[in-house]
Amino acid sequence: MPEFEWGALGPGRKGRFALTVREGLTLPVLAVRGAQAGRTLLVSAGVHGDEYEGIQAIFDVFEALDPNGMHGSLITAPIANPPAFWNGTRTSPLDGGNLARVFPGGAEGGATEAIAWHFDRRLLALADFYLDLHSAGVKWLMPTLVGYHAGDPAAEAAAEAFGAPVVWRHTSIAPGRTVSAAAARGVSSLYVEGRGAGRIHPDDLAVYRDGILRLMGHLGITRGEAEPRPPRMRLAGGGNIDEGVLARQKGFLTPRVELLQHVTEGELLGTLHDEWGRTLGAYHAPRAGVVVLIHACPLVAADEPLFLITGLAG
Ligand SMILES: [Zn+2]
């Protein structure tokens with residue numbers, strides 16, 4: 001596979017490339033340069049190695065696009081964290097790193113930091129707009145949603161255009177993320193979550209795939225206005241799952257709430273059990289709001305996020 005070199009791909013062409021991070025570690029890059037000049041959309045998936053919806057959506061969109069009809073370009077990194085992807089895990093088996101916590105990374109750091117460093121300098125640097133496709137992975141369950149930072153009107157307009165069933169507005173973005181690296185470059189961004197579970201639900205795939213195409217239309221890269229698709233729920237608040245309700249110890253979790261359920265402060269969210277079925281602890285809502293994340297795999301480790309509650313946009 002040729003080394004990724006954006007200047008080497010001529011107008012009206014598609015190309016598959018490898019972006020070398022270090023010896024034995026490359027990122028696949030699929031790029032489409034429109035016949036006409038315009039904006040460049042960067043899309044990533046697989047930042048966490050057990051989130052598959054975005055990977056399939058990128059593969060599908062890359063096949064479907066006709067560069068001759070495009071005014072602008074699409075650059076994609078469908079598997080942004082190959083060591084984690086091939087290991088089937090959220091984090092990297094090489095250094096335990098979480099690629100969504102180490103940006104902007106470092107060239108001389110561990111494998112995960114080096115990936116971040118190259119992603120930031122060689123891909124994000126090319127982008128006019130950035131979309132990061134996540135999902136709940138094998139352990140969690142999340143609603144299919146698009147999230148954005150409230151301080152960025154371009155991101156808000158793009159989030160509306162994306163067409164996800166739930167839109168989540170954040171007043172802050174935690175450091176170390178792909179989207180915080182984009183913000184540091186002045187690049188507006190969106191991220192997407194889906195139900196996950198290590199599978200690809202066809203409804204989610206359709207949202208991801210349509211969303212990329214709708215976003216390209218919104219940015220003027222493709223022609224044709226998409227039908228408005230208003231969300232059925234708007235959320236507002238923190239989205240950092242590290243600040244959710246964390247497991248105080250390992251155990252077997254029985255959730256007592258459903259996704260997108262409204263809860264009151266102090267309401268029971270779930271109970272943790274030992275291997276004899278005895279209750280180890282009860283977990284309650286730290287605030288009133290909407291359940292936006294559930295640890296759907298019953299086996300939980302100490303300190304893992306079990307639930308996350310956020311607010312409704314008012
Ligand atoms: Zn993720």
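Note: hydrogens, waters and symmetry copies are ignored here, and every other heavy atom, side chains too, is used. Read the numbers this way: they start at 1 and go in the same order the structure lists the ligands and their atoms.
Checked by atom type and distance alone, the side chain of Q36 never pairs as donor or acceptor with a backbone atom of H71 at under 3.5 Å. Between the side chain of H295 and the backbone N or O of E304, no donor-acceptor pair lies under 3.5 Å.
At a cut-off of 2.8 Å, E193 is not counted among the residues with an N, O or S atom near the Zn ion (ligand 1).
No other N/O/S atom of H134 lies as close to the Zn ion (ligand 1) as ND1 does. Distances from the Zn ion (ligand 1) to the N/O/S atoms of H48 are shortest for ND1.
Seen from the ring of W6, R33 counts as a face-on cation partner, given the 6.0 Å and 45° thresholds.
Checked by atom type, the side-chain pair D132/H134 shows a donor-acceptor distance below 3.5 Å.
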